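One structure below.
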2 protein chains.
Amino acid sequence: MGTTQPEPVPEPKYWHLKTVLSDALDSEFAVGEILPNERELAARFGVARATLRQALEQLELEGRLQRRRGVGTTVAPPRMGVAVADPGHSWPGSVPDAWQLVDSERAVPPPAVARLLATAPDEAVHTVRRSRKTRGQPVAGELLYVPAASVPGLAAIEPSAGPARARAVLRELQRLHLEGEDRAVELGSAGAEDAKQLDRLPGAPVLLVTTRYFAAGRTAAVSVATYRADTCRLTFGEADRPPAVELLAG
Amino acid sequence: MGTTQPEPVPEPKYWHLKTVLSDALDSEFAVGEILPNERELAARFGVARATLRQALEQLELEGRLQRRRGVGTTVAPPRMGVAVADPGHSWPGSVPDAWQLVDSERAVPPPAVARLLATAPDEAVHTVRRSRKTRGQPVAGELLYVPAASVPGLAAIEPSAGPARARAVLRELQRLHLEGEDRAVELGSAGAEDAKQLDRLPGAPVLLVTTRYFAAGRTAAVSVATYRADTCRLTFGEADRPPAVELLAG
DNA sequence: CAGTGGTCTAGACCACTCC
DNA sequence: GAGTGGTCTAGACCACTGG
């Protein structure tokens, strides 16, 4: 008859498990350490494996754990802060940054992107694919869409391909006067190709960052970037302010 | 021996199901329409309910579906764009906005917040709780942390409580000269209280927005806001640029 | 190869909403 | 009370990693 939690609505087992595991992670495990396997953990807590997995999934979603098939479950390091907004505002690739050019081609963008660009639904545009690594780990992939009208000087070199072509598209883009940019962030799940690029399984949660670049009164380019939601913390306008030493990361 | 997908690694059933359902959603269902129940859908596709649920969970995560216990599964409207960055940069509540003050108290912030504020780990600060609705639907909850040092004029009225107290804290805060702000976005899951406030079950995915407000060379306040990840698309610096008519939402 | 996490099944019961 | 989604079980097999 203690006053402790009469708990008329008992919380689900997996939810309780999650908090127990979370506490254990804080106090008894070091970053990178590998946990007992799922079958053993389930037995230890007296639940079915599916139930345990539900708890692990939550913790992975929150960036506390990392699970790899064939390997095991390890304690994840704190999320990395990755800067999303360019300092000032600038075209992609105009300042040396963490992105690596992958390739470039001409393709018809998805309808949603075509609407943002105000191009015809079947009009091909230049695409540039980039990928971003932080501390050796892939954190994001990006697809940049550039209507032919934004880079009229590009026609001559069209036939080239690969990173060279990507460089050419960006170079042309940077000739324009950038008037502003626009961003949206939402939750998504990695498609098959994204997943491969991010070293995750398909369906893994990602943060979808859509950027519109404005020039000459029009939307001159649109980029769609997918960041690993488990390992990344997106930062905006990172302090031109006080030092506020790096607090949560290592 | 066609060239069509020899597919040496067949995709998981739930993944295939997801794409099938996604297509059906686009072509055969209207927003708000209610789907057949899970047991029937599972039977119709010849899979176990758990497998079907895996597909539905993905679609819900992507904001395509909305599920409510005791009611059913409905087709979700496109995500709402919610502006996160104040125009210009301003203290919370300094311009009329979509937030509603809930209450305010003195409390010791979680360690992570104390570090951001550079207060002692056991030092109590003022907290202000706000909630945000869009189109009648709760989309976010926020907890603002304000060290006593940032609002020295507040001591006198301390004993009051509720929205009145919240208003008082914000009023004092706005006397300071705001020098800048800082934001980070990451994926999280709703705690018990957040879930209630957002009308979701605990563990629901949320977008966690941490904002630091700078004044007098210090971090004068920190806010932690949780946005429903299923229904929200966070927007930043929404175009002081061209019209670019509202495209994806209704 | 043994061991891991990932997928899948067929059932059961619970909590909730609405009539 | 009937019908919905949410939780949980105890198994099975698969895909991948590593020695």
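Values in this document were obtained by computation on a predicted structure and should not be read as measured data. Residue numbers begin at 1 in each chain, while the letters A, B, ... track the order of the sequences. The basis for the numbers below is simple: all heavy atoms, side chains too, and nothing from hydrogens, waters or symmetry mates.
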Is there side-chain contact between Pro205(A) and Tyr227(A), with heavy atoms separated by less than 4.5 Å? no

Is the shortest side-chain heavy-atom distance between Leu187(A) and Leu208(A) below 4.5 Å? no

Counting only side-chain heavy atoms from C-beta out, which of [options] sits nearest to [X]?
X: Ala48(B); options: dA10(D), dT9(C), dG6(D); result: dT9(C)
X: Val47(B); options: dC8(D), dT9(C), dG6(C); result: dT9(C)
X: Gln54(A); options: dA12(D), dC8(D), dC8(C); result: dC8(D)

Applying salt bridge (charged side-chain N to carboxylate O under 4.0 Å, His left out) to Asp23(A) and not counting sequence neighbours gives none

Who passes salt bridge (charged side-chain N to carboxylate O under 4.0 Å, His left out) against Arg132(A), sequence neighbours left out? none

Whole angstroms only, please: what is the [atom1]-[atom2] distance between [X] and [N]?
X: Leu65(A); N: dT4(C); atom1: CG; atom2: P; value: 16 Å
X: Phe45(B); N: dC8(C); atom1: CZ; atom2: C1'; value: 17 Å
X: Ile34(B); N: dT17(C); atom1: CD1; atom2: P; value: 15 Å
X: Leu201(A); N: dC14(D); atom1: CG; atom2: P; value: 18 Å
X: Arg49(B); N: dC8(D); atom1: CZ; atom2: C1'; value: 11 Å
X: Leu52(A); N: dT7(C); atom1: CG; atom2: P; value: 15 Å

Residue-level proximity of [range] to DNA chain D when a heavy atom falls under 4.0 Å:
range: residues 35-42 of chain A; value: Arg39(A)
range: residues 67-75 of chain A; value: Arg69(A), Gly70(A), Val71(A)
range: residues 13-21 of chain A; value: Lys13(A), Tyr14(A)

If you measure from the Lys or Arg side-chain nitrogens to the Asp or Glu carboxylate oxygens, is any gap between [X] and [Y] under 4.0 Å?
X: Asp230(A); Y: Arg200(A); answer: yes
X: Arg79(A); Y: Glu186(B); answer: yes
X: Arg67(B); Y: Glu57(B); answer: yes

Tell me yes or no: between the side chains of [X] and [Y], is some donor less than 3.5 Å from an acceptor?
X: Ser22(B); Y: Arg64(B); value: yes
X: Ser131(B); Y: Gln100(B); value: no
X: Ser223(B); Y: Glu142(B); value: yes

Any pair with a residue in residues 46-56 of chain B that passes side-chain hydrogen bond (donor to acceptor under 3.5 Å, both in side chains), sequence neighbours left out, goes on the list, sorted by first then second residue, please. Glu38(B)-Arg49(B), Glu38(B)-Arg53(B)

Heavy atoms only, 4.0 Å cut-off, all strands: where does Leu56(A) land among base, sugar-phosphate and nothing? nothing

Should the pair Phe236(B) and Phe236(A) be assigned to parallel (<30°), tilted (30 to 60°) or perpendicular (>60°) ring geometry? parallel

Any side-chain N or O of Thr51(B) under 4.0 Å from OP1/OP2 of dT9(C)? yes

Under 4.0 angstrom between Arg53(B) side-chain N/O and dG6(D) OP1 or OP2: yes

